[in-house]
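Below is one structure, written out as structure tokens; the observations come after it.
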Amino acid sequence: MSEQTPVSPPDGETTDADEQATETAQEPETARATDEGSPTTNDTVTTGAESVVAALEQAGAETLFGVQGGAIMPVYDALYDSEELTHITMAHEQGASHAADAYGIVSGKPGVCLATSGPGATNLVTGIADASMDSDPMIALTGQVPTNFVGNDAFQETDTVGVTQPVTKHSYFADDADTVGTDVGEAFALADEGRQGPTLVDLPKDVTQGETDRFPGQPETPDTYNPPTTADESAVDSAAAALAEAERPVILAGGGVIKAEASDELRQFAREYEIPVITTMPGIGSFPEDHELSLEWAGMHGTGYANMAITNTDCMLAIGTRFDDRLTGGVETFAPDAELIHVDIDPAEISKNVEADHPLIGDARQVLRQLDDAMPVAYEAMDTSPEAYAEWREQCQTWKDEYAMTYDMPEDEPLKPQYVVERFSELADDDAIVTTGVGQHQMWASQFWTFTEPRTWVSSHGLGTMGYGVPSAIGAKIAAPDKEVVCFDGDGSFLMTVQELSVAVREDLDITYVVLNNEAVGMVRQWQDGFYEGRRMASEYPWIPQFDMLAEAFGARGFRLEDYESVDEVIEAAREYDGPAVVDAIIDPAENVYPMVPSGGDNGLFALNGDQLGDI
């Protein structure tokens with residue numbers, strides 16, 4: 001991420017430049033300690049580990065997800081007496097990172113995961129990278145061998161800072177028991193401020209065991225970190241004029257809308273000026289999909305009507321999106337006639353993938369308010385109004401009718417996954433949270449569930465991590481214990497982290513897991529059929545477990561679903577079970593995900609079936 005400012009740990013042979021860089025990185029901490037006066041003495045803080053725990057408590061953390069181990073043991077020992085922090089022991093460190101990631105998505109504040117040194121830390125990396133790609137707030141705390149062993153290939157030693165620098169906003173190497181609490185507090189604040197993302201603090205065992213009476217203060221970001229809030233007023237006026245002058249405007253709402261808590265502002269703006277709204281996949285829920293202005297989400301497997309609107313718009317207001325390749329297809333054909341207004345808190349994203357005509361750098365919530373204030377003046381200056389968009393809105397509705405999300409249900413064919421998702425959406429609570437793994441099931445869940453609220457869609461987008469579903473549902477449920485949580489998974493994705501089902505059972509979490517089981521890594525198989533002449537190498541399973549029976553072995557409740565007549569009955573039984581339930585839904589193995597824009601293709605040239613895919 002662009003805001004990354006890594007600090008490398010000592011490796012036994014530091015240079016003067018390395019020492020100078022480390023000293024520079026510590027300057028904000030030293031300055032704050034001086035500003036606060038003499039260090040506060042607290043009898044309960046006697047070690048670095050206790051300072052770490054105190055820093056988490058000061059930051060308002062409530063739940064930690066982790067796995068014990070030798071180098072992180074002093075921190076766990078300090079957690080023993082904490083009355084404010086709850087620890088959830090996960091089955092695998094990757095599960096801890098995904099659970100913390102989902103906790104951050106649902107709660108809006110950084111999730112916390114812990115692991116020991118070496119393999120414990122490296123097992124977190126997938127989840128950290130996932131959070132980095134999706135700008136999710138998370139802090140990872142990793143144990144490390146004592147500082148005098150660092151660089152000597154000690155038992156369970158890994159250069160954790162070096163490994164994680166590319167996938168964090170900042171990776172810290174804590175080198176002093178007196179300042180380790182400040183390191184943790186700063187990492188927590190940095191994960192949450194500006195463009196959210198993961199941070200990491202590597203904790204050598206001698207530092208966490210070391211003596212200190214320094215009680216950490218409130219978490220603060222470095223003095224040099226000043227993310228923008230409001231956009232330049234002249235740029236806002238120019239963008240408002242472009243919208244007012246447009247005939248075919250659209251709003252493209254990305255995940256940044258949700259992270260900025262700007263969903264209410266988005267909804268008010270779109271409704272007031274009657275502009276159709278498209279979301280990215282991370283932006284799902286920012287605008288209600290049952291509203292007449294909603295075109296739902298766009299991209300490779302987005303709706304045909306969203307992709308048609310993108311292709312034909314003459315002015316796009318894009319908010320909090322990085323224009324990744326799964327959204328844009330070929331950049332040269334993406335919104336080719338549009339004047340682009342790009343709102344983003346990270347300047348590095350402006351014109352990185354798609355050239356912005358009107359860059360608005362700032363917090364999405366604040367910038368939307370600025371635009372809202374500027375629009376009446378712009379309409380008056382252009383002698384126009386939202387009525388000028390009426391014909392465009394009618395065209396968008398025509399596309400919604402023409403490319404409606406439908407599917408066939410022949411009586412002589414197996415269960416269609418779209419129907420399972422659609423019926424679950426109709427029967428579940430309106431504010432139910434949906435988590436997924438990655439694959440065909442992820443696409444069906446996002447296409448056929450009707451999302452109306454932010455922070456109810458939890459998935460892996462940029463990294464595309466299979467196995468995300470099972471642990472992410474745990475993190476989501478812990479973050480929102482009073483909400484219904486449903487996880488749609490595929491058989492391939494479910495097998496990667498099925499061990500975390502034991503955690504859901506142990507913690508007595510009321511989660512419904514639905515495995516859309518086609519006995520294959522379905523998306524790979526679909527691509528092999530579409531682009532590799534049907535050579536299905538290593539994409540089909542000659543044998544897999546019966547997931548309903550496997551669930552029972554874990555202590556969960558298992559259900560098997562094989563026909564349309566049983567869908568409602570099984571869904572209601574699984575929902576009513578007070579605890580983790582697994583529905584093994586045996587679906588049509590030949591079913592594929594459509595619409596589909598081939599990788600690098602034109603969003604306006606999407607296939608609605610396999611025959612059309614071959615013609616594009």
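The structure displayed is predicted, hence computed values, not measured ones.
For the pair Met405 and Tyr305, the minimum side-chain heavy-atom distance is below 4.5 Å. With a 4.5 Å cut-off on side-chain heavy atoms, Trp444 and Val420 do not count as touching. No side-chain heavy atom of Phe559 sits less than 4.5 Å from a side-chain heavy atom of Ile571. At least one side-chain heavy atom of Ser263 sits under 4.5 Å from a side-chain heavy atom of Ser286. Between Met596 and Gln526, some side-chain heavy-atom pair lies under the 4.5 Å cut-off. Inter-residue side-chain proximity for Phe424 and Thr512 is flagged as met; some heavy-atom pair is nearer than 4.5 Å. Side-chain contact between Met281 and Trp457 is present, with heavy atoms from C-beta onward closer than 4.5 Å. Side-chain contact between Cys396 and Leu295 is present, with at least one heavy-atom pair separated by less than 4.5 Å.
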Could you go through Thr280 and Thr321, starting from their C-alpha distance and side-chain angles, then the distance that decides it, and tell me whether this counts as side chain to side chain donor-acceptor pair (under 3.5 Å)?
CA-CA 8 Å; Thr280 65; Thr321 175; 5.0 Å; no
Working for salt bridge (charged side-chain N to carboxylate O under 4.0 Å, His left out), residues Glu591 and Lys416
CA-CA 7 Å; Glu591 193 67 14; Lys416 297 296 182 178; 2.7 Å; yes
Side chain to side chain donor-acceptor pair (under 3.5 Å), that's the test. Do Gln442 and Ser459 meet it? Break it down for me.
CA-CA 8 Å; Gln442 177 191 30; Ser459 196; 2.8 Å; yes
Does the pair Ser460 and Asp130 meet the rule for a side chain to side chain donor-acceptor pair (under 3.5 Å), with working shown?
CA-CA 7 Å; Ser460 170; Asp130 195 293; 2.6 Å; yes
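The environment of OH in Tyr532 is sparse: at most 12 heavy-atom neighbours from other residues, nucleotides or ligands sit within 6.0 Å. In Arg326, the CZ atom is not crowded: 12 or fewer heavy atoms of neighbouring residues, nucleotides or ligands sit closer than 6.0 Å. Counting heavy atoms of neighbouring residues, nucleotides and ligands inside a 6.0 Å radius, atom CE of Met409 exceeds 12 of them. Environment of CD in Glu402: crowded, with over 12 heavy atoms of neighbouring residues, nucleotides or ligands closer than 6.0 Å. The neighbour count for Glu413 CD, taken as heavy atoms of other residues, nucleotides or ligands under 6.0 Å away, is above 12. Around CG of Asp430, the count of heavy atoms belonging to other residues, nucleotides or ligands within 6.0 Å does not exceed 12.
For the residue pair Ala91 and Ser502, the shortest heavy atom distance occurs at CB-OG, 4.2 Å. The minimum heavy-atom distance between Arg195 and Ser135, with the atom names listed, is NE-OG, 2.9 Å.
Note that CD1 of Ile275 is 4.5 Å distant from CD1 of Ile251, once rounded to the nearest 0.5 Å. Separating the CD1 atom in Ile586 from the CG atom in Leu561 is a distance of 8.0 Å, to the nearest 0.5 Å.
His291 and Phe287 have perpendicular rings, their planes meeting at more than 60° on a 0 to 90° scale where under 30° would count as parallel.
For Asp588 (side chain) and Ala590 (main-chain N/O), a donor-acceptor pair under 3.5 Å exists by modelled atom type. Using a distance-only test at 3.5 Å, with no hydrogens or angles considered, a donor-acceptor pair links the side chain of Ser425 to the main chain of Thr450. Checking side-chain atoms of Asp314 against main-chain N and O of Arg248 turns up a donor-acceptor pair under 3.5 Å. Judged purely by atom type and a 3.5 angstrom limit, Asp408 has no side-chain atom pairing as donor or acceptor with the backbone of Pro410. Remark: the backbone N or O of Thr160 is not paired with any side-chain donor or acceptor of Thr158 at under 3.5 angstrom. Distance alone, capped at 3.5 Å, places no donor-acceptor pair between the Arg455 side chain and the Ser107 backbone. Here the side chain of Tyr594 pairs a donor or acceptor atom with the backbone of Gly610 at under 3.5 angstrom. With hydrogens and angles disregarded, no donor-acceptor distance shorter than 3.5 Å links the side chain of Asp563 to the backbone of Leu415. Judged by distance alone, the side chain of Ser294 and the main-chain N or O of Asp290 form no donor-acceptor pair under 3.5 Å. Looking at Trp297, its side chain does come within 3.5 Å of a backbone N or O of Ser446 through a donor-acceptor pair.
The six-membered or imidazole ring of Tyr407 lies near that of Phe448, with a centre-to-centre distance under 6.0 Å. The distance between the ring centers of Trp392 and Trp399 falls below 6.0 angstrom. Taking the six-membered ring for Trp, Phe323 and Phe334 have ring centres closer than 6.0 Å.
The residues Lys477 and Asp510 are annotated as not salt-bridged, no charged nitrogen and carboxylate oxygen being separated by less than 4.0 angstrom. We find that Arg575 and Glu484 are joined by a salt bridge, their nearest charged nitrogen and carboxylate oxygen being less than 4.0 Å apart. For Asp134 and Lys259, the salt-bridge test fails: no basic side-chain N is under 4.0 Å from an acidic carboxylate O.
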